[in-house]
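Read the structure below first, then the notes.
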Amino acid sequence: MPLLNKHDRRPEHREARIVGFLCNWCSYGGADTAGVGRYSQPSDLRIIRVPCSGRVNPLFILKALLNGADGVLVSGCHPRDCHYAEGNFYARRRLEAVKRFLPTLGIDPRRFEYSWVSAAEGGRWQKVVTEFTAQIHSLGPSPLMADAPEFDFLKECGI
Amino acid sequence: MRIGVFICHCGSNIAATVDVPEVAAAARRMPEVVYASDNMYSCSEPGQQAIVEAIQAHNLGGVVVASCSPRMHEPTFRKAVERAGLNRYLFEMANIREHVAWVGKHKRANTAKATELVLMAVEKLRLNRTLAPRKIPATRKVLVVGGGVAGIQAALDCAEGGLSVVLVEREPSIGGKMSKLDKTFPTIDCSSCVLGPKMVEVAQHEHIDLHAYSEIVSVTGYVGNFAVTIRKKAAYVDWEKCTGCGLCMERCPSLKAHDRFNEGIGATTAINIPFPQAIPKKATISAAHCIRLKTGKCGACAKACPSGAIDYEDQDREFTVTVGAVVAATGYDLTDWKVYGEYGAGRYPDVITALQYERLLTASGPTQGRIKRPSDGKEPKTVVFIQCVGSRDPSVGRPYCSGFCCMYTAKQAIQTKEHLPDSQSYVFYLDIRAPGKGYDEFTRRAQEEYGAAYVRGRVSMLYPIKTPDGEKLLVRGADTLAGSQVEVEADLVVLAVGAGAAEHAPRLAEKLRIPYDAHGFFLEGHPTLKPIETNTAGVYLAGACQGLKDIPASVAQGSGAAAKVLGLLSRGELESDPQTAGVNLTRCTGCGKCIDICPYGAVQELEVRGKPKAGVIEAVCQGCGLCTATCPQGAIQLSHCTDNQILAEVEALCRC
């Protein structure tokens, strides 16, 4: 496996910048379960913990994509099994609307996905991450970042 | 804010695939970070002490710990931070173990990812505010769902501890699967003799309110104060008046009702008391079989009843109770073994389940304890037991071991010999799994003392044959130890059918807002350290609903759940989570969207200087943040998870 680096423009060497919003009760737990079970995954995804998928404001997704994220993944409890009874129903409507709205902004809708993963489903989480990461790699780096100035915090830190 | 960052090696758990000192060095260059160090085990006593000392020595105003999942150790570190005099909410965690070290293979990529997660935590922490928990009163009452042995134990222990208990059972009697058993392993003790007194104790206990033949309709509220709506199903008998004399059963002309308690072995009357030791010992009419309810003509039971308890107009009744905690103890149900065409898919009457066999062995069962095969009532000479029917079989979607079948099969082989001394038992098994006190010795006794022939291998097919001795079932299988084919002419075949979660368990889980796995079993808080708790505060698990277990383990978990409930409700008040929503009144336009969306009714309309505004009832808010995502003005913000905090995390990521 080649060393991945966000600023390497060769697609096969470049780690994608993927932001995940995971609900605390199901999908974040599912990602924990995947970790405890050592379900290996690509390392491109960075997870932001939110209480409920219904907490995810479409603004967060758009901000991430417009600021240069290559992909955004939102994951919550299975519909009907929400810790807050109905939060993911609101999420489902909103997230579907966001997905359909993305082309209007000139963003490929395949850069955004949402999924339902319970805290028991470590294997499913591995599959979701692996497939979404592969999808983002096949789409390549975000075109919005093509002429962005190079700044690398990690390089600044010597990593 | 003066921020301190602590990166944990977690022994080699993190350090093996993340360059921990390098992450600590990078953390020192992050905004407002004045101190960063790496520890071998941050959660250990010296690790926590190091955090406390660093807070005091460097006058830290906020702390980030990068280690395991916050679902694991956030409470631990919050307490440590508090010991150093810092507000416990001026703390954030970065999950670099479960989400980085354990799933990524590449050390440099992992180190970069860990660093970014720390940066995100730092950026979020910079916007954290001090929060203080409030005290909320808790109802000293517990709901136990399921009156099997686990639920009975939980109810009795809670009641003994001084709590009021509401015990809800879907069947007309408590007792669960254990009440259907004749004997229990590994001692061949009489099941109803050990369970019966506990059931009576439930009925007589002044603190236990028993609702049999009832179901949970809905659960609202939260730890300390759940409002539970219970539906008492129509029994068509006034249980206040019914004395359980059984005269109605003698007169009922509808004799072909499905006998649920006897697992469909034989039939029963439309009005019946499931078994002699039933608690409560009350009659119930099966509406599907009652002639009066179907055609309007009959009324034999009403004429027979000396206390006038029969009520054909009875309807389901719903009522609501408030409880501080819930114990789910819904047990298991057998899986559908009719998917196995090779075992006849239910076509052959002499192929029965082990639970049906248990009813044949029981003195109070339909055959008064004489083993008679269902087809012709003859005593079998050769009994074949087939194990792992619907267990350890991914081809039918049941990859797990049901855990107790090896033991009850050995017990039933022993009992067969005791009932029919000239009989011969054959047991087809995959592996004998008998890990427990006295368990392995027990399976050996079945073979050595009682002569059960154990054959290691699966049965490939069985079919009826005619022999000079009458109709039999030819069982054909493999003996994988001898490497040969085996054929047995059996009079009776008993299937050790695997168990799954109770039929409607997932629907209950959704009402209780607890997760369940692919097989319907409820998910515990942590697979090793929190086997009783769920992720929903105030909801606990007991018995096979959490994962299949035998009677001693179910009883132990029932007591464990009771101890958890007693601990939770011992003080009569709880600390509420202060991570609730708050309204910026100057931004709020009073549109009311947040009022509509809140699942808890925690947002109400206020009038401030003549204008409508939203106001949050903090004691009711559960911190889901739906309102925050809905507010067009960004006026209502979930503390500790504000829009600005999440955007700070997003921006930190996009900056890297």
Side-chain angles (χ1 to χ4, degrees), chain A residues 1 3-6 15 17 19 21 24-26 28-29 31-36 38-43 46-52 54-60 63-64 67-69 77 80-87 90 94 118-121 126 129 151-154 156-159, chain B residues 19 22-23 25-26 29-30 69-72 95 97-106 108-113 115-117 119-120 220 506 509-510 513 515-518 523 527 535-536 579 597 599-600 622-626 628-630 638 641 643 646-647 649-651 653-656:
Chain A
M1 184 179 157
L3 175 59
L4 299 169
N5 181 324
K6 278 190 191 126
E15 191 175 65
R17 185 177 287 137
V19 185
F21 296 95
N24 179 49
W25 305 99
C26 293
Y28 196 92
D32 282 356
T33 305
V36 174
R38 310 299 199 275
Y39 287 98
S40 66
Q41 299 152 30
S43 52
R46 309 285 185 264
I47 293 170
I48 295 176
R49 183 165 71 133
V50 290
C52 178
R55 169 69 188 91
V56 178
N57 191 322
L59 177 73
F60 304 158
K63 263 271 210 228
N67 278 355
C77 305
R80 286 211 319 222
D81 200 17
C82 177
H83 183 79
Y84 300 106
E86 54 199 35
Y90 292 107
R94 258 185 220 137
S118 92
E121 296 173 325
Q126 177 193 40
V129 174
F151 170 76
D152 189 349
F153 179 79
L154 295 179
E156 294 276 298
C157 296
I159 286 180
Chain B
D19 191 332
E22 207 170 327
V23 177
R29 307 171 68 112
M30 291 178 191
S69 171
R71 285 161 53 99
M72 177 92 184
N95 184 347
R97 194 177 73 169
E98 282 86 344
H99 291 186
V100 182
W102 279 351
V103 291
K105 293 271 178 282
H106 201 288
R108 285 205 61 75
N110 278 358
T111 307
K113 183 174 176 181
T115 308
E116 292 187 20
L117 292 181
L119 178 66
M120 283 160 63
T220 57
E510 286 155 8
R513 305 188 297 278
Y516 54 93
D517 70 13
L523 196 69
N535 284 329
T536 299
Q579 299 178 77
I597 204 172
Y600 302 97
Q622 295 301 296
C624 63
L626 289 183
T628 312
T630 306
L638 178 62
C641 191
D643 286 343
I646 295 177
L647 289 174
E649 289 183 84
V650 170
E651 275 164 19
L653 260 182
C654 293
R655 208 164 65 215
C656 287

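When reading the values below, keep in mind they use all heavy atoms of this one structure, side chains included, and skip hydrogens, waters and symmetry mates. Throughout, a chain's letter reflects where its sequence line sits, starting with A, and its residues are numbered from 1.
Interface remark: of the candidates B/H99, B/R513, B/M72, B/M120, B/H99 forms the most heavy-atom pairs closer than 4.5 Å to chain A. Contacts with chain B were tallied for A/A34, A/G29, A/A85; A/G29 has the most, counting heavy-atom pairs under 4.5 Å. Of the listed residues (B/N535, B/V100, B/D517, B/T220), the one with the most heavy-atom contacts under 4.5 Å to chain A is B/N535. Note: B/P70 leads B/A101, B/P506, B/P70 in heavy-atom pairs under 4.5 Å with chain A. Per-residue heavy-atom pair counts under 4.5 Å with chain B were compared for A/V129, A/D81, A/N57, and the maximum is reached by A/D81. Top candidate by heavy-atom pairs under 4.5 Å with chain B, chosen from A/E121, A/Q126, A/E86, is A/E86.
For A/Q41, the parts lying under 4.5 angstrom from a heavy atom of chain B are both the backbone and the side chain. Proximity to chain A (any heavy atom under 4.5 Å) is restricted, for B/Y600, to the side chain, taken from C-beta onward. When heavy atoms are compared at a cutoff of 4.5 Å, B/D19 does not approach chain A at all. Using a 4.5 Å cut-off between heavy atoms, A/F60 contacts chain B through both its backbone and its side chain. The contact between B/L523 and chain A is made entirely by side chain atoms (from C-beta outward), counting heavy-atom distances below 4.5 Å. Contacts of B/T630 with chain A are made by both backbone and side-chain atoms, with heavy-atom separations under 4.5 Å. The parts of A/Y28 that come within reach of chain B are both its backbone and its side chain, each placing non-hydrogen atoms under 4.5 angstrom from that chain. A/V56 touches chain B through its backbone: at least one of N, CA, C or O sits under 4.5 Å from a heavy atom, while the side chain does not. Proximity to chain A (any heavy atom under 4.5 Å) is restricted, for B/L638, to the side chain, taken from C-beta onward.
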- Could you give me the CA-CA distance, side-chain angles and deciding distance for A/S43 and B/N110, then say whether side chain to side chain contact (heavy atoms under 4.5 Å, CB included) is met? CA-CA 7 Å; A/S43 52; B/N110 278 358; 4.2 Å; yes
- side chain to side chain contact (heavy atoms under 4.5 Å, CB included) between A/R17 and B/L653, worked out: CA-CA 8 Å; A/R17 185 177 287 137; B/L653 260 182; 5.6 Å; no
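The CD1 atom of B/I597 lies 5.0 Å from the OH atom of A/Y90; values are rounded to the nearest 0.5 Å. Here B/L119 contributes atom CG and A/R46 contributes atom CZ; the two are 11.0 Å apart, rounded to the nearest 0.5 Å. Taking NZ of B/K113 as the reference point, atom CD1 of A/I47 lies at 6.0 Å (rounded to 0.5 Å).
The side-chain heavy atoms of B/L647 and A/L59, taken from C-beta on, include a pair separated by under 4.5 Å.
The shortest non-hydrogen separation linking A/P51 to B/C624 is CG-O, 3.5 Å. Taking both residues in full, the closest heavy atoms of B/A629 and A/G54 are given as CB-O, 3.2 Å, listed atom of the first, atom of the second, then distance. Taking each heavy atom of A/A119 and B/R71 in turn, the nearest pair found is CB-NH2, 4.3 Å. Among all heavy-atom pairs drawn from A/S118 and B/Y516, the shortest one is OG-O, 4.0 Å.
Side-chain atoms of A/R55 come within 3.5 Å of backbone N or O of B/C641 as a donor-acceptor pair.
Ionic pairing of B/R97 and A/D32 is not present here: no N-O contact between side-chain nitrogen and carboxylate oxygen is shorter than 4.0 angstrom.
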